[in-house]
Enquirer: 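Please see the structure below; I have some questions.
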Amino acid sequence: CKDHLLDNGSLIVAHQCGKYNQVIVNNFIDREPYTAIYPYWLNEQNILESLNFKVTTTNPYPDKFNHHDNTEFKGFICKM
């Protein structure tokens, strides 16, 4: 991806992450099976930094939008 960025461009990666560690969910929501893996946010940041991005993290949504108490949405703003 970074090869496709314009000079001074940014890559924004946003998804739900575990607050304190990786979170694995395997249960039912509205009688439908639901399985998900939410990676630990700091591991995600470290991966992006290992690709030589300078990373700023944001929490773009209020806590009420988090599906679980131990997860949160994160935005990773990546610059070269």
Side-chain angles (χ1 to χ4, degrees):
C1 290
K2 65 183 178 182
D3 294 336
H4 299 286
L5 291 178
L6 298 174
D7 291 341
N8 297 318
S10 298
L11 169 69
I12 299 174
V13 178
H15 60 88
Q16 198 168 11
C17 296
K19 286 183 183 181
Y20 314 109
N21 53 17
Q22 176 178 278
V23 175
I24 298 174
V25 176
N26 189 10
N27 60 19
F28 288 83
I29 296 177
D30 296 328
R31 291 189 255 163
E32 294 293 325
Y34 179 76
T35 303
I37 298 174
Y38 301 108
Y40 177 44
W41 73 270
L42 191 54
N43 290 348
E44 297 293 281
Q45 179 174 320
N46 290 339
I47 290 168
L48 294 165
E49 288 174 343
S50 76
L51 297 170
N52 296 320
F53 284 113
K54 296 175 185 157
V55 181
T56 303
T57 59
T58 66
N59 190 344
Y61 302 112
D63 285 341
K64 69 180 180 180
F65 290 109
N66 297 329
H67 295 293
H68 310 282
D69 291 341
N70 56 349
T71 65
E72 64 186 346
F73 285 95
K74 284 284 188 187
F76 301 90
I77 302 167
C78 308
K79 293 185 172 278
M80 293 304 294

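All values derive from a computational prediction rather than experimental measurement.
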Enquirer: Which distance, rounded to the nearest 0.5 Å, do you find between the CG of Asp63 and the OG1 of Thr71?
Expert: 9.5 Å
Enquirer: Between CG of Leu48 and NZ of Lys54, what distance do you get to the nearest 0.5 Å?
Expert: 14.5 Å
Enquirer: What is the distance from atom CG of Leu42 to atom CD1 of Ile47, rounded to the nearest 0.5 Å?
Expert: 10.5 Å
Enquirer: Among the clusters formed by ILVMFWY side chains lying less than 4.5 Å apart, do Tyr34 and Val23 turn up in the same one?
Expert: yes
Enquirer: List the atom of Pro60, the atom of Gly75, and the distance in Å for their closest heavy-atom pair.
Expert: CD-N, 3.9 Å
Enquirer: Does Tyr61, at its OH atom, have more than 12 non-hydrogen atoms belonging to other residues, nucleotides or ligands within less than 6.0 Å?
Expert: no
Enquirer: Could you grab the distance from atom NZ of Lys19 to atom CG of Asn59, nearest 0.5 Å is fine?
Expert: 8.0 Å
Enquirer: Looking at NZ of Lys79 and CG of Leu11, how far apart are the two atoms once the value is rounded to the nearest 0.5 Å?
Expert: 11.0 Å
Enquirer: Phe53 and Leu5: which non-hydrogen atoms are nearest, and at how many Å?
Expert: CE2-CD1, 3.9 Å
Enquirer: Hey, is CG on Asn27 packed in by over 12 heavy atoms from elsewhere, all under 6.0 Å?
Expert: yes
Enquirer: Identify the heavy atoms of Cys78 and Val55 that sit nearest to each other, and give their distance.
Expert: SG-CG2, 4.3 Å
Enquirer: For Gln16 and His68, which heavy atoms make the closest approach, and how far apart are they?
Expert: NE2-N, 4.4 Å
Enquirer: OH of Tyr20 to OH of Tyr40: how many Å apart, nearest 0.5 Å?
Expert: 10.0 Å
Enquirer: Would you mind reporting whether Phe28 and Pro33 have side-chain heavy atoms less than 4.5 Å apart?
Expert: yes
Enquirer: Which atom pair, heavy atoms only, marks the closest approach of Glu72 to Asn66?
Expert: CA-OD1, 3.2 Å
Enquirer: Can you find a heavy atom in the side chain of His15 that is under 4.5 Å from one in the side chain of Phe76?
Expert: yes
